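Before any comments, here is the structure.
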Amino acid sequence: MEKEETAKMTVTGATNNIPVTETWMRKHRLLYDGATRHPFILSIRQGSVDFSSFKRWLVIGQDYIFVRSFVPFVASVLVKSCKEPNNESDMEVLLGGMASLADEINWFKKEASKYHVSLTSVVPQNANVTYCRFLESLTGQEIEYPVAMTAFWAIESVYQQSFAHCLEEGGRVPQELQETCERWGNEGFGAYCNSLRDIVDRSLQKASAEVISKAEVCFLSVVEHEVEFWNMSTGDA
Ligand SMILES: Cc1ncc(CO)c(N)n1
């Protein structure tokens with residue numbers, strides 16, 4: 001084995017046949033599950049969630065604010081992807097992501113009017129403000145493509161896997177939250193997350209050890225922000 005390869009392996013723990021994202025998932029499983037199996041998510045799955053005005057305000061109002069900040073971040077990733085070699089399929093996947101965000105924004109508006117949540121007067125909670133700032137910090141030109149892509153994949157995947165878990169056999173999702181769970185937990189969204197993951201793994205194959213470890217740190221930050229996002233459901237975040 002070449003010296004350089006050995007160094008790379010030490011940093012990432014990756015071997016030739018295990019994708020980097022898979023090594024992260026194994027290494028950080030507990031933390032990751034802390035997000036996808038958060039007590040709030042489990043309460044949705046078990047049907048014990050109290051979908052009172054406060055929870056609606058969280059799932060609709062706070063997430064609407066998050067998604068609005070997510071759009072410029074995704075746009076910045078799209079711009080980066082255009083400068084990558086062999087970018088055609090990346091661009092298409094990211095454009096698809098943009099289209100689904102447009103759809104999401106409409107859905108939030110529809111839900112908001114159904115439940116009489118005023119989207120323009122929702123005040124972002126601290127955890128949300130911090131998360132949105134984190135997204136903004138990742139839009140700069142100096143952020144490498146694999147690092148930004150890692151954040152993008154992690155943000156979408158945590159959400160997809162959380163809501164997919166609610167829909168798995170044995171769940172008792174309340175009727176009013178069924179559509180929410182299906183929106184992010186459906187198989188198509190899962191396939192989209194896998195495409196994002198493949199882009200991350202491919203872009204990391206060519207990356208330096210420094211970029212790979214930056215991407216790993218970024219992955220961990222996303223998971224922590226997701227946990228904090230759901231911690232808002234207890235009202236003392
Ligand atoms: C907090 C949060 N994370 C991820 C997503 C996925 O789009 C979302 N809508 N909200």
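Keep in mind that the numbers below use all heavy atoms, side chains included, and drop hydrogens, waters and symmetry copies. Every number for a ligand or one of its atoms is a count from 1 in the order of the listing. Counting begins at 1 with the first residue of the sequence. These numbers come from a predicted model, not from an experiment.
- Checked against a 6.0 Å centroid threshold, the rings of Y115 and F51 count as neighbours.
- Counting non-hydrogen atoms of neighbouring residues, nucleotides and ligands closer than 6.0 angstrom, the CD atom of E187 reaches no more than 12 such neighbours.
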Inset, instruction - Please assess Y32 against Q161 for the test side chain to side chain contact (heavy atoms under 4.5 Å, CB included), listing each intermediate value before the final yes or no. - result: CA-CA 10 Å; Y32 191 82; Q161 290 183 8; 3.0 Å; yes
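- Checked against a 6.0 Å centroid threshold, the rings of Y159 and F189 do not count as neighbours.
- Of the N and O atoms on the side chains of H28 and E216, at least one donor lies less than 3.5 Å from an acceptor on the other residue.
- Around ligand 1 you find D63, F66, V67, E104, I155, E156, Y159, W184, E226, F229, each with a heavy-atom distance below 4.0 Å.
- The ring pair (Phe, Tyr, Trp, His ring centres under 6.0 Å) pairs that include a residue from residues 200-228 are W24-F219, Y131-H225, F134-H225, W153-F219, where partners are two or more places apart or lie in different chains.
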